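First comes the structure, then the notes that go with it.
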Amino acid sequence: EQTLLAVNVSDNRILQITPSRVELLDVANGTAVASWKPPNNGSITAGSANRTFALVAIDGKVLISLDIRSNLSEAARQYVTDHEQVACVNVPNEYDVGLVGFWQSGSISLLGLADLKLIQGEKVRTPDSAAVPRSIVMTQILPIEVAGPTMLVGMSDGIILTFAVDKETFSLSGRKSIMLGVQQATFEVIPRGDGECNVFAICEHSSLIYSSEGRIVYSAVTAENAACICLFD
């Protein structure tokens, strides 16, 4: 079956998420250290993880946080409100918060992964648009001495929204938008090794997003037909 996510986590292990299960695999021998399946034969429709937590959406209606340090024990569960559905999720490497985008409301939420309680929320759809958030990341693009993290939201109509994030309260400010095309962008964070990260935006006009002289730059790359990108250390 399709792999939704495969990432290295702590203790020389790999976390793999598929529609039917989440597994922790030992790198040395390839065996499963722990496995978790959705309740009631549900299907995992989206998932993301850092080294301590995994966040999955079940049938777009239930969010479940799994503690990787305790072999995928369930840390918290939250049922999405009626007439709403999860469109995308992301777990930043640097913070134990979950980023969630929603279909019907066209909004995003920041949730604490330990309890899935709401930290911040933001309506990203404009009144004259039917676009929904389809990809979302938060990382340190600008130098740490200049600003906090930046959140990028890829909308279904090709617009990319950026927000400045307060690293203490996670409040959002300084909303800006740029149109890279007419199709949604998918983001991949690429660490630079100096505490900052670049972001690769995969769309019909794929771009590398990085900081230069204290500002965020979008640089087109020769990868017009890119479908995905994988970082190699």
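The model shown is predicted, which means the values in this text are computed figures rather than measured ones.
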Please determine whether side-chain hydrogen bond (donor to acceptor under 3.5 Å, both in side chains) holds for the pair Thr150 and Gln140, giving the CA-CA distance in whole Å, both sets of side-chain angles, and the decisive distance to 0.1 Å.
CA-CA 6 Å; Thr150 298; Gln140 190 70 44; over 6 Å; no
Working note: Ser109 + Gln120, criterion side-chain hydrogen bond (donor to acceptor under 3.5 Å, both in side chains); need CA distance, chi angles, decisive distance, verdict.
CA-CA 6 Å; Ser109 293; Gln120 297 288 346; over 6 Å; no
Apply the test side-chain hydrogen bond (donor to acceptor under 3.5 Å, both in side chains) to residues Thr52 and Asp96: give CA-CA distance (whole Å), side-chain angles for both, the deciding distance (0.1 Å), then the verdict.
CA-CA 8 Å; Thr52 53; Asp96 286 337; 2.7 Å; yes
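The shortest distance between side-chain heavy atoms of Ile160 and Leu180 falls below 4.5 Å. Taking 4.5 Å as the limit, every side-chain heavy atom of Phe53 sits out of range of all side-chain heavy atoms of Ile68. Residues Val7 and Val9 form a side-chain contact, since some pair of their non-hydrogen atoms from C-beta on lies under 4.5 Å apart. Within the 4.5 Å cutoff, the side chain of Pro38 has no heavy atoms near those of the Ser43 side chain. When side chains are defined from C-beta on, Ile229 counts as touching Ile190, because their heavy atoms get closer than 4.5 Å. In this structure the side chain of Ile58 never reaches within 4.5 angstrom of the side chain of Thr45, judged on heavy atoms. Within the 4.5 Å cutoff, side-chain heavy atoms of Ser35 are placed close to those of Arg21. Two residues are said to be in side-chain contact when any heavy atoms from C-beta on lie closer than 4.5 Å; Lys167 and Ile144 meet this criterion.
Contact between Ser212 and Val217 at its shortest, heavy atoms only, is CB-CG2, 3.8 Å.
Counting only distance, with no hydrogens or angles, the side chain of Ser207 and the backbone of Ile209 share no donor-acceptor pair below 3.5 Å. Arg125 places a side-chain N or O within donor-acceptor distance of the main-chain N or O of Trp103, the cut-off being under 3.5 Å. Although no hydrogens or angles enter the test, the distance criterion places no donor-acceptor pair under 3.5 Å between the side chain of Glu188 and the main chain of Cys230. No donor-acceptor pair under 3.5 Å is formed between the side chain of Asp11 and the backbone N or O of Arg13.
Val165 belongs to a hydrophobic cluster whose other members, connected by ILVMFWY side-chain contacts under 4.5 Å either directly or through intermediates, are Tyr95, Val97, Leu99, Ile108, Leu110, Ile119, Val124, Ile136, Met138, Met151, Val153, Met155, Ile159, Leu161, Phe163, Phe170, Leu172, Met179.
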Contacts table for residues 196-205: side-chain donor-acceptor under 3.5 angstrom, sequence neighbours left out:
{"unit_1": "Glu204", "atom_1": "OE1", "unit_2": "Gln183", "atom_2": "N", "d": "3.4"}
{"unit_1": "Glu204", "atom_1": "OE2", "unit_2": "Val182", "atom_2": "N", "d": "2.6"}
{"unit_1": "Glu204", "atom_1": "OE2", "unit_2": "Gln183", "atom_2": "N", "d": "3.4"}

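Side-chain contact, Glu122 with Ser107: no donor N or O sits under 3.5 Å from an acceptor N or O. Of the N and O atoms on the side chains of Thr18 and Gln2, not one donor lies less than 3.5 Å from an acceptor on the other residue. Side-chain atoms of Gln184 and Ser156 form no donor-acceptor pair, as typed in the model, at a separation below 3.5 Å.
Asp59 and Lys61 are not joined by a salt bridge, as no carboxylate oxygen comes within less than 4.0 angstrom of a charged side-chain nitrogen.
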